[in-house]
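What follows is a single structure, written as structure tokens, with notes after it.
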Amino acid sequence: MKFKFLFSNFSKLLLDDLVYPVFLGFLVIFELFFNLLVDDSVKVKYPSMIILNFFFALILAMYFLKKDTLQNRYLKQRIDDYYLYALTQMFVLIVFNVVTALISGIFTFLFSTSPAANGTMILVLMTTSWIGTAIAFICRSQWTSRKYIAAVSLLVIVLFSLADSTNTILVYINWILPPVSTVVTTFQEHSKMVALLPLALRQFIYALILFGISLFFNKKSYAK
Amino acid sequence: MLWQLRQLQIGKIKMDLLSVRDLSFERKGYFAFKHVTFSLAQNQAINIVGDAGSGKTALLETVVGLNEADSGKVTTTPGVRISFMPQVETEVIDISVGDYLEQTRQIEGKLAVSSAQLKDMAAFLGMRSLMDRTVKTLSLGAKQRVSFLNAIAKRPNILIMDDPFSFQNSFYAHNMLEIFKDLQDHGSGIIMAAPMRDTITDGFFNTNYLLSGKTLAGLPVDRSAYLMSFKATKDSMAITKEIAHYATTTFNNLIEIRAPYDQKERILHTMLEMNYLFEGMVSLEV
């Protein structure tokens with residue numbers, strides 16, 4: 001019952017001001033005009049969609065978490081179950097990310113005859129957006145107790161996610177960085193969707209780890 | 001030990017529900033409150049009075065765990081259910097009052113009040129005609145009553161309220177007080193914070209505290225007095241010497257009595273027993 005109640009509450013937070021549907025609409029419109037406005041090359045279009053999905057998920061999660069801090073302060077006291085509360089939040093955003101990845105994936109019009117390639121294309125978009133969401137979760141204390149440190153940390157993590165991890169300095173710590181830029185460079189080098197499958201799995205595991213860290217890291221600031 | 005258990009069973013010993021020890025909370029370099037210590041037992045009602053900005057809300061929110069205390073400890077007896085009614089609800093609720101109350105009742109599970117009881121209490125607080133209205137469209141007063149019903153739906157052992165009468169008229173405030181009393185009679189403990197001592201709650205609270213200068217202290221005895229008017233009838237008896245001591249004017253069968261705060265109820269009772277008609281009463285600031 002509590003899960004159902006929380007799921008409905010969190011979904012409403014995202015849909016109330018029509019922020020999610022409006023941004024999703026913009027994303028689709030941008031995809032439709034991409035060939036005309038930017039480039040008709042697959043090597044440009046798909047990596048751009050990966051990065052857009054990443055930022056879409058990051059901004060949506062930040063918007064959600066800020067709204068949650070402002071509106072649900074007393075709800076947290078009523079629910080009085082940190083893990084249920086935080087896990088439901090993650091679940092709701094993961095579901096929304098799946099919808100975003102499916103819709104933006106369809107409107108890339110990059111489908112091929114290979115189901116594996118099509119599946120990988122959607123999976124990469126999905127896992128990239130999970131990483132964006134997980135980064136926002138890690139730094140959620142920017143709306144509570146660590147206003148500046150958390151905000152700066154978020155910028156640094158986003159920077160490292162998108163920095164070229166194959167350069168001479170970052171190559172040594174490549175394994176610890178969010179693999180978003182690796183996905184982009186790998187696709188541009190190989191131009192094959194299926195080549196991204198191991199990276200999609202890596203992104204999935206990376207997102208899980210980030211969610212896990214955020215779950216334990218922010219427990220103390222629950223309801224603050 | 002056996003004796004204590006027996007006394008607990010027959011209700012002579014009141015079990016401590018909540019204990020606050022040396023609690024301090026700092027916000028942006030300033031102490032909201034410092035070294036606060038008190039405890040709440042079954043059937044006890046505590047009133048915390050303090051000016052706006054004195055730290056009442058911060059204290060209550062720290063007690064319920066919404067703020068992390070800088071020092072001190074809040075301990076509750078295992079298994080107690082705590083309900084907190086905030087001063088202003090921040091949640092935006094776009095479902096009907098009836099659905100919202102039923103939903104929150106179901107969240108609390110088996111220990112919550114029954115659906116029929118909750119509806120009765122809602123009607124008692126004047127919400128019957130508002131049950132189909134969306135919560136976010138209600139007035140502040142009605143929203144506050146919804147928040148109150150939300151808090152009591154849990155059937156709490158400890159009810160903590162932050163200025164629950166701020167948007168209520170005396171009728172609804174009295175009805176809310178009736179519900180407090182009922183909870184208290186059933187063994188719950190109640191903590192309420194308000195900016196001033198309210199005449200509506202006179203005699204309800206066992207313990208009164210003043211939160212001032214960031215610390216909690218016993219509330220000084222109210223020095224305010226009341227001017228009470230009575231009309232003598234043909235059946236009225238001569239007033240006693242003790243009451244004559246407080247009488248200020250007697251004119252045209254009208255007797256005015258300047259009653260100290262703590263004597264007002266007793267004087268009123270005595271005068272009514274002596275067949276005087278009570279005409280009214282005004283508060284005098286001393």
Side-chain angles (χ1 to χ4, degrees), chain A residues 1-21 63-89 92 140-151 216-224, chain B residues 25-28 57-58 60-70 74 76 79-95 99-112 134-136 143-144 146-154 156 158-162:
Chain A
M1 186 62 206
K2 277 185 181 176
F3 172 79
K4 199 177 148 193
F5 174 76
L6 287 174
F7 189 91
S8 140
N9 181 297
F10 297 150
S11 305
K12 275 180 192 162
L13 276 190
L14 286 168
L15 296 169
D16 257 357
D17 303 333
L18 297 176
V19 168
Y20 176 74
Y63 163 80
F64 170 82
L65 292 171
K66 184 175 184 185
K67 224 174 153 190
D68 172 69
T69 309
L70 293 174
Q71 287 189 16
N72 287 345
R73 180 169 167 76
Y74 301 114
L75 177 73
K76 287 171 187 170
Q77 194 274 328
R78 279 209 292 278
I79 297 294
D80 200 23
D81 185 341
Y82 167 72
Y83 289 107
L84 176 73
Y85 194 90
L87 285 169
T88 313
Q89 282 188 326
V92 169
R140 68 183 297 172
S141 57
Q142 66 178 296
W143 295 287
T144 52
S145 49
R146 298 181 194 91
K147 198 174 173 183
Y148 300 107
I149 296 171
F216 294 102
F217 189 66
N218 291 302
K219 190 180 177 191
K220 214 177 168 188
S221 57
Y222 172 67
K224 302 296 181 294
Chain B
F25 174 60
E26 195 182 324
R27 184 178 275 165
K28 292 176 183 169
T57 300
L60 296 189
E61 289 189 352
T62 310
V63 169
V64 297
L66 286 165
N67 295 327
E68 194 187 330
D70 290 291
V74 178
T76 50
V80 296
R81 297 182 302 283
I82 303 178
S83 268
F84 176 59
M85 178 194 169
Q87 195 170 22
V88 179
E89 189 64 70
T90 50
E91 203 182 338
V92 179
I93 305 148
D94 59 358
I95 55 173
D99 289 347
Y100 176 64
L101 291 176
E102 184 55 27
Q103 200 176 47
T104 45
R105 192 191 71 79
Q106 284 179 11
I107 287 173
E108 304 306 341
K110 288 177 187 170
L111 292 168
T134 311
V135 179
K136 72 177 180 186
K143 271 186 196 162
Q144 197 174 39
V146 171
S147 177
F148 175 69
L149 288 164
N150 206 6
I152 57 170
K154 195 174 186 173
I158 301 172
L159 177 63
I160 300 178
M161 293 168 293
D162 190 2

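Just so it is clear: chains get the letters A, B, ... in the order the sequence lines come, proteins before strands, and each one is counted from 1.
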> Can you name the nearest heavy-atom pair linking A:L70 to B:T90, along with the distance?
Replying inline: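 The pair with the smallest heavy-atom distance is O-CB, 3.5 Å.
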Side-chain contact, heavy-atom cut-off 4.5 Å: [X] with [Y]?
X: B:I82; Y: A:D80; answer: no
X: A:Y74; Y: B:E89; answer: yes
X: A:R78; Y: B:E91; answer: yes

>> At a 4.5 Å cut-off on heavy atoms, which part of A:K4 comes close to chain B: side chain, backbone, both, or neither?
In response: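 For A:K4, there is no contact with chain B at all, as no heavy atom is under 4.5 Å.
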> Relative to chain A, which segment of B:I95 carries a heavy atom at a distance below 4.5 Å: side chain, backbone, both, or neither?
Replying inline: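 Just the side chain, heavy atoms under 4.5 Å.
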> Does CZ belonging to A:F217 count more than 12 external heavy atoms closer than 6.0 Å?
Replying inline: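 Result for CZ/A:F217: open.
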>> How about NZ on A:K147, more than 12 heavy atoms from neighbouring residues, nucleotides or ligands closer than 6.0 Å, or not?
In response: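 Not buried by this count: 12 neighbours or fewer within 6.0 Å.
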>> Which one wins on heavy-atom pair count under 4.5 Å against chain A: B:Q103, B:E108, B:K154?
In response: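 Option with the top pair count is B:Q103.
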> Rounded to the nearest 0.5 Å, how far does CG of A:L75 lie from CD1 of B:I93?
Replying inline: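 Atom-to-atom, B:I93:CD1 and A:L75:CG are 9.0 Å apart.
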